[in-house]
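First the structure, in the form of structure tokens, and then the observations on it.
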There are 2 protein chains.
Amino acid sequence: MSVTIKDIAKAANVSYATVSRALSDHPDISEETKKKIKKLAKDMGYTPNIIARSLITKATKTIGLIIPDITNPFFPEVAQGVESYAYDNGYTVLLCTTNWQIDREKRYLKALRSKMVDGIIIAPAIDDISHIISNFNGGDTPVVFVTYSPDDPDCSFVATDDYKCGFMATEYLLKLGHRNIAYIGGLENSSSDRRRFEGYREALKSYGLQLRYSPMHGQFKQMSGYELTKELLIYNDIPTAILAGNDVLALGVIQAVEEFGLKVPDSVSVMGIDDISFASFDKISLTTVAQPKVKIGQLAAEIIIQKINSPQDKTPVKKVLEPRLIIRRTCRSI
Amino acid sequence: MSVTIKDIAKAANVSYATVSRALSDHPDISEETKKKIKKLAKDMGYTPNIIARSLITKATKTIGLIIPDITNPFFPEVAQGVESYAYDNGYTVLLCTTNWQIDREKRYLKALRSKMVDGIIIAPAIDDISHIISNFNGGDTPVVFVTYSPDDPDCSFVATDDYKCGFMATEYLLKLGHRNIAYIGGLENSSSDRRRFEGYREALKSYGLQLRYSPMHGQFKQMSGYELTKELLIYNDIPTAILAGNDVLALGVIQAVEEFGLKVPDSVSVMGIDDISFASFDKISLTTVAQPKVKIGQLAAEIIIQKINSPQDKTPVKKVLEPRLIIRRTCRSI
DNA sequence: TTGAGTATAGCAAACGTTTTCGCAAATGTC
DNA sequence: GACATTTGCGAAAACGTTTGCTATACTCAA
């Protein structure tokens, strides 16, 4: 039984239209009345019912954020970016994690539509995003992709250049003198993994090298990096360097390599991609390619809010951010 | 211009009450009509407007989650716990991070009330929670605290026993033979930090020891642990062991200790509290006291949903979870 | 045939706002 | 002092649902 505008109206002996206007500082209302009503509202402990407001204004002031895995330290940082920008602009964010499952993604998409979020920021679980497009091509709700650059030219997104990430990392390894470089990937149908792998392959090619190790895929989890590496090391042809699809994987790779009795970087160099915060921890000192994680989130939030504010402008905005090589101590020259 | 119940009613040539009932499988509607209407709804791409529904049912099927810092790997895990439980029960969660700032906490609390969330799970930024209580003592919206056990006997919460965390950790160190044990804390007015510190002090006392090092406080950040430790090491009286208020701090502590030229654990043992996922990484192998993080989130979600479902039952439910000592390799006996 | 009972479906109010339109009183203009 | 303009406010519709009550048309027993 919370206090509504009508209660205030009754108490102030005015119509509830007046209360509504007074509270939103409408110029039609006299200063005196405004003051009176505002005081009353405060005293009575009034909180506007945004649900009711949304019904008529068709704006919920909330944006949906769909990410695969909040447990991978990469995502909290982008979440942080969107949340803080959203907060500063009066929006709140609905957190949805898909656990890389497309059916969860679909269900959340539906739920967000039902909940009338004003916009959606999504890091898609897999490469195929047709279900997202189709869910929103009616298109009153703006969508921006993060960590993913869709082929569809009409989609807005902000992502770092994954191809370049893979390329840069591999190139660095090549420059260090490595020729036997393996790639340990995450989810096979993840687009960023695919592009990183592409970059890796092209870098090899640019040095006249063929793929020597068949690409390995699992999940974007430390455990997966660990297991895939174990598997990799079974064979005699041990690489001098391993590029992991991301930092979390790289941690697993290191663990497996050292458990195998090899030293990092002495015997095998290991590189990650992402630059999660623990990569810089001295005991780890993971050489990696950094993505501007918080910035990705911030930009995405900025774009989505701008899109919300000018719904007529349907032109997609695309931001591709530059990765940055971070040299630490898990790679050595040979 | 999305399709509404009225559109379907028009198309089906029935009243919109019928449509509403058909879609919610009300027994009053014939199977035939239901089938027809459901098909129509699907074909027309109908998505219920939950906003409108909420206005009348007074349930938004969303719960607010307020945490201090999504960037500290501790919190994503509890977030994960609540989110997945919520998802399974048809709820979605509104993510609010306060960055340990009480004014953000207040503003979010207000926003959540406005947005009519059905319940709130909150890890308070600081010890004083009067603003939370006062905001919700009207009390139709259930609140459960996590990571925090309020003094107020009417509050529901789920938390691990922070006092015991501190005690256990310190006791372990004492058993290893350490007598000069320093404590590096986080936020000074954080209740969990305070209780952990209490546990630490009591453990010392149980061994007949006084506080030897004045308690140090900063933030719950790696950098803070690093800086405080640097400061601690300035003095001649270097401890043989350092207990950090949490794992993230501990990482900073280790960094500072080693940078100072001391070995962990050879010269100084370091302990954390929380057992964040990276603590188990081989290169770190942080000895710590584990909290069941995901479980905390899950339980909190379970409790809040149960409370939402039986609003008449106001009895607080309190879960205090047991910490678990995790012995790894940053502590040695002396 | 009548009356009660049951299966379906419609009417209209309600949820708490915002907003369009209109109207009366106050003020300004000559 | 007559008219136009401004100021301040109220009436009521609208947003998209759900739901209590009512209404119709059957069925079936007496």
Side-chain angles (χ1 to χ4, degrees), chain A residues 1-38 40-41 44-62 110-111 113-118 138 140-141, chain B residues 1-38 40-41 44-62 110-111 113-118 138 140-141:
Chain A
M1 301 300 113
S2 49
V3 22
T4 82
I5 259 189
K6 294 196 185 183
D7 298 325
I8 300 181
K10 210 163 290 174
N13 218 21
V14 297
S15 77
Y16 49 93
T18 302
V19 177
S20 171
R21 281 191 270 245
L23 292 177
S24 56
D25 264 334
H26 191 101
D28 269 7
I29 307 296
S30 71
E31 282 308 321
E32 191 187 4
T33 327
K34 278 185 192 170
K35 210 157 278 174
K36 182 177 78 177
I37 289 181
K38 283 180 182 173
L40 220 41
M44 300 174 68
Y46 170 74
T47 1
N49 182 328
I50 301 218
I51 295 296
R53 175 184 301 167
S54 296
L55 193 55
I56 158 132
T57 64
K58 275 144 169 15
T60 53
K61 284 286 184 179
T62 109
K110 255 205 149 138
R113 194 145 77 106
S114 260
K115 296 216 167 167
M116 304 278 136
V117 296
D118 297 339
D140 12 283
T141 313
Chain B
M1 300 302 114
S2 50
V3 22
T4 81
I5 260 188
K6 293 195 184 182
D7 298 325
I8 300 180
K10 208 163 291 173
N13 217 21
V14 298
S15 77
Y16 48 91
T18 302
V19 176
S20 170
R21 280 191 265 250
L23 292 177
S24 56
D25 264 335
H26 191 101
D28 268 8
I29 307 296
S30 70
E31 282 308 321
E32 193 187 3
T33 324
K34 278 185 192 169
K35 211 156 277 174
K36 181 177 77 179
I37 291 180
K38 283 181 182 172
L40 220 41
M44 299 174 69
Y46 170 73
T47 1
N49 182 327
I50 300 219
I51 295 296
R53 175 185 301 168
S54 295
L55 192 54
I56 156 127
T57 64
K58 277 147 167 11
T60 53
K61 284 286 185 179
T62 108
K110 253 205 150 135
R113 195 146 76 107
S114 260
K115 295 217 168 168
M116 304 277 137
V117 296
D118 297 338
D140 13 284
T141 313

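In the text below, chain A, chain B and the rest are named by the order of the sequence lines, each starting its count at 1. Here the structure is a predicted model, which means the values were calculated and not measured.
Taking the screw axis at each terminus of the helix from dT1(C)-dA30(D) to dC30(C)-dG1(D) from five consecutive base pairs, the angle between the two is 50° to within rounding of 10 degrees.
Side-chain contact between Asn49(A) and Met116(B) is present, with at least one heavy-atom pair separated by less than 4.5 Å. Inter-residue side-chain proximity for Lys115(A) and Thr62(B) is flagged as met; some heavy-atom pair is nearer than 4.5 Å. You'll find the side chain of Tyr46(A) stays beyond 4.5 Å of the side chain of Leu40(A), heavy atoms only. Looking only at side-chain heavy atoms (C-beta outward), Lys34(B) and Asp25(B) come within less than 4.5 Å of each other. Side-chain atoms of Arg53(B) and Pro48(B), non-hydrogen and from C-beta on, do get closer than 4.5 Å to each other.
No N or O donor and acceptor, one from the side chain of Arg21(A) and one from the base of dG8(D), sit under 3.5 Å apart.
Scanning for side chain to side chain donor-acceptor pair (under 3.5 Å) contacts around Lys35(A) gives an empty result, with sequence neighbours left out. Residues that satisfy the side chain to side chain donor-acceptor pair (under 3.5 Å) test with Thr4(B), not counting sequence neighbours, are absent from this structure. Residues satisfying the side chain to side chain donor-acceptor pair (under 3.5 Å) test with Asp118(A), not counting sequence neighbours, are Thr60(A).
A distance of 13.5 Å separates CD1 in Ile51(A) from CD1 in Ile56(B), rounded to the nearest 0.5 Å. Rounded to the nearest 0.5 angstrom, Ile8(A) CD1 and Lys6(A) NZ are separated by 13.0 Å.
Phosphate proximity of dA9(C) to Thr18(B): absent, as no side-chain N or O sits under 4.0 Å from OP1 or OP2.
Rounded to whole angstrom, the span from the CG atom of Asn13(A) across to the P atom of dC9(D) amounts to 12 Å. The distance between atom CD1 of Ile8(A) and atom P of dT18(C), rounded to the nearest whole Å, is 11 Å.
The stretch residues 22-37 of chain B does not touch DNA chain D, since none of its heavy atoms comes less than 4.0 Å from the strand.
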Polar atoms only, N or O, under 3.5 Å: list the protein pairs with nucleotides 15-17 of chain D and their distances.
residue : atom : partner  : partner atom : Å
dC15(D) : O3'  : Lys58(A) : NZ           : 3.3
dG16(D) : OP1  : Lys58(A) : NZ           : 3.4
dG16(D) : N2   : Ala52(B) : O            : 3.3
dT17(D) : OP1  : Tyr46(B) : OH           : 3.2
dT17(D) : OP1  : Asn49(B) : N            : 3.4
dT17(D) : OP2  : Ile5(B)  : N            : 2.7
dT17(D) : O5'  : Tyr46(B) : OH           : 3.3

